[in-house]
Amino acid sequence: MKPQPVPHGDSLRPPKLPPSSEIPERLIDSEEAAATIGFHPKALQRYAPRGLIRGVHVDKLWRFRSSTIEE
């Protein structure tokens, strides 16, 4: 059996990361968001569908941007 050649060039370099301004913000769950602002997690889950608090519905769970919660 003949050994495989080692790849050269770009394939050995780690992938380039986007600038920090393009890295998406981490989403936090209802419990972490509620603890930040002093609400009950269920209250956030009721407010989000009404548009009172901005959130993202992922499957059956709500996620929130920490910057939105801090505002």
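In this structure, CD1 in Ile28 is found 5.5 Å from CD1 in Ile69, a value given to the nearest 0.5 Å. Between the CZ atom of Arg46 and the OG atom of Ser30 there is a distance of 11.5 Å, given to the nearest 0.5 Å. The distance from the CH2 atom of Trp62 to the CD atom of Gln45 is 9.5 Å, given to the nearest 0.5 Å.
A 4.5 Å side-chain heavy-atom check between Ile53 and Phe64 finds at least one atom pair inside the cut-off.
Side-chain contact of Thr36 with Glu70: a donor-acceptor pair under 3.5 Å is absent, judged by distance alone.
Leu44 approaches Ala34 most closely through the heavy-atom pair CD1-N, 3.3 Å.
Of the listed residues (Arg65, Arg63, Arg26), just one forms a salt bridge (charged side-chain N to carboxylate O under 4.0 Å, His left out) with Glu32, and that residue is Arg26.
Under the 4.5 Å side-chain heavy-atom criterion for Ile, Leu, Val, Met, Phe, Trp and Tyr, Ile37 and Tyr47 are members of the same hydrophobic cluster. Residues Leu52 and Val56 fall into different hydrophobic clusters, defined by Ile, Leu, Val, Met, Phe, Trp and Tyr side chains chained together at heavy-atom separations under 4.5 Å.
At distances below 3.5 Å, at least one donor-acceptor pair connects side-chain atoms of Glu25 with backbone N or O atoms of Ser66.
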